[in-house]
Protein chains: 2
Amino acid sequence: MASRAKATILDIAREAGVSKSTVSLVLQGSGLIRPETAVKVRKAIEDVGYVYNRGAANLRKAHSNVIGMVINDLTNPFFAELAVGMERVFQAAGIVPFIANTAENPVRQEEVLKSLMEQGVAGLIVSPARGTTPGAFRRIEAAGVPVVFAMRRLPESRIPAIAPDNHRGAYLATQHLIGKGHRRLAFFGGSSDLVVYHDRLGGFLEACEALGISAADRTIVEGETSRRGGMACLETALAAPEPPTAALCFNDAVAFGAMLALRKRGLEAGADFAVVGFDDVAEAEHYMPALTSVAVDSAGLGERAAHVMLKMIQSRTTRAEDHIGAVSLAVRESCGPDRNARGAGMGDAA
Amino acid sequence: MASRAKATILDIAREAGVSKSTVSLVLQGSGLIRPETAVKVRKAIEDVGYVYNRGAANLRKAHSNVIGMVINDLTNPFFAELAVGMERVFQAAGIVPFIANTAENPVRQEEVLKSLMEQGVAGLIVSPARGTTPGAFRRIEAAGVPVVFAMRRLPESRIPAIAPDNHRGAYLATQHLIGKGHRRLAFFGGSSDLVVYHDRLGGFLEACEALGISAADRTIVEGETSRRGGMACLETALAAPEPPTAALCFNDAVAFGAMLALRKRGLEAGADFAVVGFDDVAEAEHYMPALTSVAVDSAGLGERAAHVMLKMIQSRTTRAEDHIGAVSLAVRESCGPDRNARGAGMGDAA
DNA sequence: TTGATTTATTGGAACGTTCCATTTATAGGC
DNA sequence: GCCTATAAATGGAACGTTCCAATAAATCAA
């Protein structure tokens with residue numbers, strides 16, 4: 001049953017009594033071969049247990065149909081959803097994307113990119129790991145392989161990026177907090193080696209500026225972008241002499257951490273301290289209390305990134321426009337009711 | 001800057017003034033070439049912007065260094081952790097695993113497997129999609145490519161499986177519930193087209209049998225393995241004339257759903273109804289109330305699966321032993337205190 | 001010096017496809 | 001019947017690597 005050496009089109013040719021060229025034509029679904037011949041060949045293919053060798057084919061064809069997706073943290077459902085969105089599009093185009101995880105490690109990322117390039121990918125969609133050096137994509141660009149950044153981008157790079165409107169999202173969230181009557185605000189989590197961090201922090205600061213929150217009333221606590229990081233941020237912030245009463249968190253994980261730390265202190269998110277997250281992962285809605293968060297539609301961004309990639313491949317270019325995805329604020333319970341007027345209820349829409 | 005046609009070892013050879021064979025040797029890190037020559041060649045490689053063509057190489061070498069990982073649901077953090085565990089092992093072995101998602105769709109799975117095979121993978125680690133037909137791996141086995149099932153397995157298949165001890169996990173959880181004084185028990189979620197379902201349900205039933213819960217006092221509600229499914233299960237169960245007071249859920253997602261439905265009815269998990277989950281995802285610990293769940297160590301299982309795969313590749317075999325991973329019960333708040341003795345507190349360990 | 005041995009390097013065939021240029025078979029027009 | 005047009009099938013040269021056998025150069029023993 002187990003075939004010895006693996007079968008090739010020559011084995012098929014022999015089996016079917018035709019030439020290898022004919023087999024090749026059948027494999028490609030060419031209309032040039034007589035239907036009966038095609039049937040005969042297809043039967044032989046089945047009989048010998050043939051597996052198409054794409055590597056050999058690419059040697060001549062020059063463009064493969066594989067696309068690499070490089071994700072910095074697969075365990076974050078946010079990125080997993082991004083991946084799922086992309087897959088939807090590629091599947092329809094008959095492409096199977098290969099996903100690789102870098103675990104936020106630039107060295108690992110280097111290996112992964114190298115491996116994908118050696119495999120001869122037609123394109124690369126990347127959410128770069130933190131600490132990626134500007135030169136990391138130089139060779140790939142030189143090789144003419146199209147690259148798209150998703151969710152994250154690099155400080156100064158010509159590579160097109162598909163990302164949510166981080167600045168506006170942060171602005172909306174901050175405005176919401178101020179609208180609730182908060183006057184001493186914090187920004188929790190993240191660190192300045194991420195472009196996204198600057199975008200989100202920038203939105204926060206601009207809103208503060210525009211809506212009259214003085215620099216003295218802003219607390220900025222950098223930290224890990226995880227639950228643990230969020231807990232630490234809250235502890236740090238509350239230890240200050242004049243602690244903030246509300247925080248915009250770098251992402252939802254940080255927000256969950258902050259809420260956890262609040263609970264540990266016997267405080268309640270919403271009632272005693274307002275928390276807003278970023279990304280609006282599925283869990284946000286089901287959390288207790290439900291988390292107000294900036295919704296970014298990651299699956300939609302994934303689809304968009306995939307479309308851009310397809311277009312780049314089709315038009316054989318390595319350049320494309322950036323795309324900034326719309327965001328909205330999903331208002332839930334973690335900011336409580338209006339702080340001035342008791343019993344306000346339904347506030348800002350998004 | 002952008003190279004025209006992509007560089008090959010012949011271009012390197014010309015640039016460095018050596019033969020292609022020498023370049024090939026350098027590429028493979030052979031000790032046969034003079035160090036100075038190697039340096040010269042490596043410089044040329046850099047200069048021409050060379051990208052190794054693994055497809056061409058595999059044409060001769062016959063074994064690639066890529067391993068495919070086929071996951072049925074990437075958005076479930078449980079599977080993402082499995083993937084991460086595998087990656088740890090493969091990374092150390094200098095292998096980059098390519099992950100592909102099937103979204104629980106057998107047709108998609110077929111495509112994905114085909115594509116991976118055409119790419120010439122050295123092995124396949126698969127968590128099969130629900131509804132996978134027994135014949136789906138026939139061709140792959142015939143081609144002599146080693147396959148390992150992870151987390152899930154197929155009804156009658158000779159392919160080795162790495163999975164947690166589902167039966168024992170369910171038994172432990174059920175025992176725990178009965179120990180708390182519950183006498184009318186339910187099993188929520190899942191459906192009988194999954195082998196895992198039979199394993200878990202089997203453990204539940206065996207515990208009931210052994211500990212004196214009669215068939216009349218057991219409620220079994222099949223359902224989607226998601227939050228939504230869990231909500232539906234709870235509604236169905238509570239609608240019965242003599243409703244259960246506790247439930248073992250097929251997985252954590254179902255458990256979260258059940259707890260959500262309880263809350264909607266103004267009931268509280270732990271106090272009014274006991275809930276146990278399965279898988280012990282990260283969220284279980286942080287949920288409100290914290291979810292008691294069967295911990296399966298998915299990352300550990302991923303590592304194990306990867307090791308088995310490496311061994312199979314090394315010894316050129318397609319057979320290996322199954323591996324059943326140890327499980328333990330992570331006791332938290334969702335089952336409340338002991339039902340008979342008030343104020344019991346610390347109960348069963350795992 | 002000569003031959004044997006070791007060390008570096010090299011040409012060429014092979015791997016499994018595709019695709020172009022041909023060849024062979026079939027049909028049509030007169 | 002012959003010539004041309006169309007349809008179907010084919011051989012051979014590429015593609016970029018590896019690896020074997022062979023060569024060339026350097027070292028050593030006598």
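Below, chains carry the letters A, B, ... as their sequence lines are ordered, and counting in each starts from 1.
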**Prompt:** Would you say the side-chain atoms of B:Ser115 and B:Glu111 include a donor-acceptor pair closer than 3.5 Å?
**Reply:**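 Checked: B:Ser115/B:Glu111 side chains show no N/O donor-acceptor pair below 3.5 Å.
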Nearest whole angstrom, please: distance from the [atom2] of [N] to the [atom1] of [X].
{"X": "A:Glu36", "N": "C:dA25", "atom1": "CD", "atom2": "C1'", "value": "14 Å"}
{"X": "A:Leu10", "N": "D:dG11", "atom1": "CG", "atom2": "C1'", "value": "12 Å"}
{"X": "A:Glu118", "N": "D:dT17", "atom1": "CD", "atom2": "C1'", "value": "12 Å"}
{"X": "B:Lys40", "N": "C:dT9", "atom1": "NZ", "atom2": "C1'", "value": "11 Å"}
{"X": "A:Leu25", "N": "D:dA8", "atom1": "CG", "atom2": "P", "value": "11 Å"}
{"X": "A:Arg60", "N": "C:dG16", "atom1": "CZ", "atom2": "C1'", "value": "12 Å"}
{"X": "B:Asn53", "N": "D:dC15", "atom1": "CG", "atom2": "C1'", "value": "9 Å"}
{"X": "A:Gln28", "N": "C:dG16", "atom1": "CD", "atom2": "P", "value": "18 Å"}

Considering only [options], which nucleotide approaches the side chain of [X] most closely?
{"X": "A:Thr37", "options": "C:dT10, D:dA9, C:dT17", "result": "D:dA9"}
{"X": "B:Thr8", "options": "D:dG11, D:dT17, C:dT10", "result": "D:dT17"}
{"X": "B:Tyr52", "options": "D:dG11, D:dT17, C:dT18", "result": "D:dT17"}
{"X": "B:Lys20", "options": "C:dG12, C:dC19, C:dA8", "result": "C:dG12"}

Applying a 4.0 Å non-hydrogen cut-off, can you work out what [X] is touching in the nucleic acid: base, sugar-phosphate, or nothing?
{"X": "A:Ile9", "result": "base"}
{"X": "A:Ser21", "result": "base"}
{"X": "A:Leu27", "result": "nothing"}

**Separation of A:Phe98 CZ from B:Met69 CE (nearest 0.5 Å)** =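 Going from the CE atom of B:Met69 to the CZ atom of A:Phe98 covers 13.0 Å.
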**Asked** Does the side chain of B:Ser19 get closer than 4.0 angstrom to OP1 or OP2 of C:dT9 through an N or O atom?
**Response**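 Answer is no, no contact under 4.0 Å.
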**Message:** Using OP1 and OP2 only, check whether a side-chain N or O of B:Thr22 sits under 4.0 Å from C:dT9.
**Reply:**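 No.
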**Message:** I'd like to check A:Val96 versus B:Lys114 (side-chain heavy atoms, cut-off strictly below 4.5 Å). Are they in contact?
**Reply:**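 When only atoms from C-beta onward are counted, B:Lys114 and A:Val96 do not touch, as no gap falls below 4.5 Å.
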**Asked** Closest nucleotide of DNA chain C for B:Leu59 versus for B:Gly17: which of these residues is on the 5' side?
**Response**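 Of the two residues, B:Gly17 wins.
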**From CA spacing to verdict: side-chain hydrogen bond (donor to acceptor under 3.5 Å, both in side chains), B:Ser21, B:Ser24** = CA-CA 5 Å; B:Ser21 304; B:Ser24 177; over 6 Å; no
**Asked** Of the non-hydrogen atoms in A:Leu74 and A:Ile71, which two are nearest, and what is the gap between them?
**Response**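 Nearest heavy atoms, A:Leu74 then A:Ile71: N-CG2, 4.1 Å.
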